[in-house]
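Report on the structure given below.
Because only heavy atoms are used, hydrogens play no part in the values below, and waters and symmetry mates are left out as well, while side chains stay in.
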Amino acid sequence: TIRLGYANAANILASVSFAAPGHLDTLLLLHPLIPFTPAPAPGLSGRQVLITAGQRDPICPAPLTHGLADWYGAQGADVTLHWHPGGHEIATDEVAAIRTFASRS
């Protein structure tokens with residue numbers, strides 16, 4: 001099952017994946033903001049995770065986005081990180097990245 005969330009909905013999905021990794025197969029997290037390092041979640045191994053973000057997003061700083069992607073990778077998830085040059089908005093190339101990612105899941 002593919003789960004998609006943008007901004008706060010992405011934060012909620014990410015939080016569910018931290019607490020109950022077995023309930024989510026594929027995550028598409030658009031502009032998540034997770035300002036802490038979650039506890040290890042080995043149940044995420046093999047899960048598919050797409051994280052999208054804007055390079056100039058004033059709400060979701062790049063270091064936190066990279067940190068979240070790194071955390072998922074450390075849990076064994078297959079992580080794709082897609083950046084667009086804008087801010088917190090959903091960009092056209094981001095939609096294309098979502099389509100590509102979802103078609104392989």
Side-chain angles (χ1 to χ4, degrees):
T1 305
I2 296 175
R3 307 284 185 202
L4 181 145
Y6 168 65
N8 283 337
N11 300 340
I12 292 166
L13 280 176
S15 294
V16 170
S17 77
F18 306 156
H23 292 285
L24 303 169
D25 295 323
T26 303
L27 292 172
L28 286 78
L29 305 174
L30 286 59
H31 303 260
L33 173 60
I34 305 298
F36 60 91
T37 301
L44 289 168
S45 182
R47 307 290 184 196
Q48 302 289 314
V49 179
L50 170 67
I51 299 174
T52 68
Q55 293 171 340
R56 295 188 323 266
D57 190 334
I59 298 168
C60 303
L64 292 179
T65 301
H66 283 292
L68 182 62
D70 292 346
W71 181 85
Y72 275 111
Q75 308 316 302
D78 179 8
V79 181
T80 301
L81 182 55
H82 174 82
W83 291 95
H84 68 77
H88 199 64
E89 73 281 356
I90 297 174
T92 304
D93 67 321
E94 190 172 359
V95 173
I98 293 164
R99 278 193 193 114
T100 299
F101 184 86
S103 71
R104 69 173 205 194
S105 296

Practice task
Using the six-membered ring wherever Trp is involved, compare the ring planes of Y6 and H88 and label them parallel, tilted or perpendicular (cut-offs 30° and 60°).
Solution key: tilted
Problem - Note, D57 side chain near T65 side chain (heavy atom, < 4.5 Å) - result: no
Exercise for the section: Tell me whether L29 is reachable from L44 by hopping between hydrophobic residues (I, L, V, M, F, W, Y) whose side-chain heavy atoms are closer than 4.5 Å. Expected result: yes
Exercise for the section: Check whether V95 and I2 end up in the same hydrophobic cluster, where Ile, Leu, Val, Met, Phe, Trp and Tyr are linked by side-chain heavy atoms less than 4.5 Å apart. Expected result: yes
Exercise for the section: Mind checking the CD1-CG spacing from I51 to L68? Nearest 0.5 Å is all I need. Expected result: 4.0 Å
Handout entry: T52 vs H31 side-chain heavy atoms within contact, under 4.5 Å
Key = yes
Practice task
Over all heavy atoms of both residues, which pair between I59 and L33 is shortest? Give the atoms and the distance, please.
Solution key: O-CD2, 3.6 Å
Exercise for the section: Using the test side-chain contact (heavy atoms from CB on, under 4.5 Å), find all partners of A91 that sit at least two apart in sequence or belong to another chain. Expected result: H84, D93, E94
Fill in the blank from the handout: Applying side-chain contact (heavy atoms from CB on, under 4.5 Å) to T80 and not counting sequence neighbours gives L50, F101, R104
Practice task
Any chance you could measure N11, atom CG, to I34, atom CD1, to the nearest 0.5 Å?
Solution key: 4.5 Å
Exercise for the section: Decide if atom NE2 of H66 counts as having more than 12 heavy atoms of other residues, nucleotides or ligands within a radius under 6.0 Å. Expected result: yes
Problem - Linked, directly or transitively: L13 and L81 (ILVMFWY side chains, under 4.5 Å) - result: yes
Practice task
Give me the ring orientation class for F18 and W71: parallel if the planes are under 30° apart, tilted from 30 to 60°, perpendicular past 60°.
Solution key: perpendicular
Completion exercise
Contacts of R47 meeting salt bridge (charged side-chain N to carboxylate O under 4.0 Å, His left out) (sequence neighbours excluded), chain-then-number -> D25
Handout entry: Rounded distance [0.5 Å steps], CZ in R3 versus CG in L27
Key = 9.0 Å
Exercise for the section: Could you tell me whether the side chain of L24 reaches within less than 4.5 Å of the side chain of T1, counting heavy atoms only? Expected result: no
Problem - Heavy-atom pair of closest approach, residues G5 and A10 - result: O-CB, 3.2 Å
Practice task
Answer yes or no: is there a donor N or O on one side and an acceptor on the other, between the side chain of S17 and the main chain of A14, under 3.5 Å?
Solution key: yes
Problem - Point-to-point distance, once rounded to the nearest 0.5 Å, from CG of L4 to CG of L28 - result: 5.0 Å
Problem - Connected via hydrophobic side-chain network under 4.5 Å: V79 and W83 - result: yes
